[in-house]
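So you know, we letter chains A, B, ... as the sequences are listed, proteins then strands, and number each from 1. Quick caveat, the model's predicted, so the values are computed rather than measured.
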Amino acid sequence: MADSVPTELIEEYRQRQRELAHAVIERSLTKAPTVIAAVDVHLRGSWGVAAAVAYTYPSLEEIDHHVATGRLTFPYIPGLLSYREAPLCLKAIRGLAQEPDLILADGQGRAHPRRAGIACHLGVELGLPTIGVAKSILVGRHDPLGEERGSVAPLVADDEVVGMAVRTRTGVTPVYVSVGHLITLDEAVDWTLRTTTRYRLPEPSRRAHRLAQVTARTLPTDAP
DNA sequence: GCGACAG
DNA sequence: ATCTTGTCGC
């Protein structure tokens, strides 16, 4: 199992995140994405399986995938998820044959206590546009949003708009979209909707999730 | 001091 | 997220 982290070190990791937040660039995409990737991690004991998948746009067909497996050393600590999952995610993404134009990460981007969620971490590390698409809120609040697909409501934390609650399917619980790197919030919302068809989450994200899950299932449960 | 807390 | 089967509902 992952070890605990000394409280004095926690603050060092937080400081690194504050620095990472300054490296994040929020600006319009330079190129219309034609290759969109998604990455997700499945946990199994102290092992993690990260799956990266690449899809074409607008046809939304899978063209590649890569899986990376490894032991998780860092524990799950709210706000410090990157240190636990990003290394494996980077390994999976770098295994793709072609560099994607946009990456969807499972978790927050700037909608983070220090504006440095895992999507920011991956984006800055790779120098590629990234979006955080989370299934629940880490920080911030938002007003109720319409029931129709496409309805949105700003996610506000510390009097700052850090993301957007987005209804990707009519009548379904919203997802929380935020900028990771090299994209604007409006574009992040737009591309999240463009890649979401029948379900709550974007197709590439769903595929990455299932691939990581089935791969992890073939691995033996570890010994404490 | 008391909750909240991505995956 | 994980540990886990069936079950209620569109």
>> Expressed as a whole number of angstroms, how long is the span from Phe74(A):CZ to dG7(B):P?
In response: 17 Å
>> When you measure from the side-chain N and O atoms of Tyr176(A) to the phosphate of dA6(B), is any distance below 4.0 Å, counting only OP1 and OP2?
In response: no
>> Please classify the nucleic acid contact of Gly79(A) as base, sugar-phosphate, or nothing, using heavy-atom distances under 4.0 Å.
In response: base
>> Counting only side-chain nitrogens and oxygens, does His112(A) get under 4.0 Å of the OP1 or OP2 atom of dC5(B)?
In response: no
> Please give, in whole Å, the distance from dA4(B) P to Asp158(A) CG?
Replying inline: 18 Å
> dC3(C) C1' sits how many Å from His42(A) NE2, rounded?
Replying inline: 11 Å
> Has Arg194(A) got its NZ or CZ under 6.0 Å from the middle of the six-membered ring of Trp191(A), at an angle within 45 degrees of the ring axis?
Replying inline: yes
>> Closer than 4.0 angstrom, basic N to acidic O: yes or no for Arg206(A) and Glu203(A)?
In response: yes
>> Please determine whether a side-chain nitrogen or oxygen atom of Ser136(A) lies at a distance below 4.0 Å from atom OP1 or OP2 of dC5(B).
In response: no
>> Heavy atoms only, 4.0 Å cut-off, all strands: where does Ile137(A) land among base, sugar-phosphate and nothing?
In response: sugar-phosphate
>> Strictly below 4.0 Å: does Lys135(A) bring a side-chain N or O up to OP1 or OP2 of dA6(B)?
In response: no
>> Categorize Leu80(A) for me: base, sugar-phosphate, or nothing, with a 4.0 angstrom heavy-atom threshold over every strand shown.
In response: base
> Rounded to whole angstroms, how far apart are CD on Gln213(A) and C1' on dG7(B)?
Replying inline: 14 Å
>> What is the separation between atom CE on Met164(A) and atom P on dA6(B), rounded to the nearest whole Å?
In response: 21 Å
> To the nearest Å, how far apart are Tyr76(A) OH and dA4(B) P?
Replying inline: 15 Å
> Out of Gln17(A), Gln108(A), Arg110(A), which one pairs with Arg115(A) under the side-chain contact (heavy atoms from CB on, under 4.5 Å) rule?
Replying inline: Arg110(A)
>> What is the separation between atom CG on Leu81(A) and atom C1' on dA1(C), rounded to the nearest whole Å?
In response: 10 Å
>> Apply salt bridge (charged side-chain N to carboxylate O under 4.0 Å, His left out) to residues Glu11(A) and Arg18(A) and explain how you reach the verdict.
In response: CA-CA 10 Å; Glu11(A) 190 48 43; Arg18(A) 293 184 188 96; 2.9 Å; yes
> Cation-pi between Arg207(A) and Tyr55(A): NZ/CZ under 6.0 Å from ring centre and within 45° of the ring axis?
Replying inline: no
>> Could you tell me how far apart Leu72(A) (CG) and dA1(C) (P) are, to the nearest whole angstrom?
In response: 14 Å
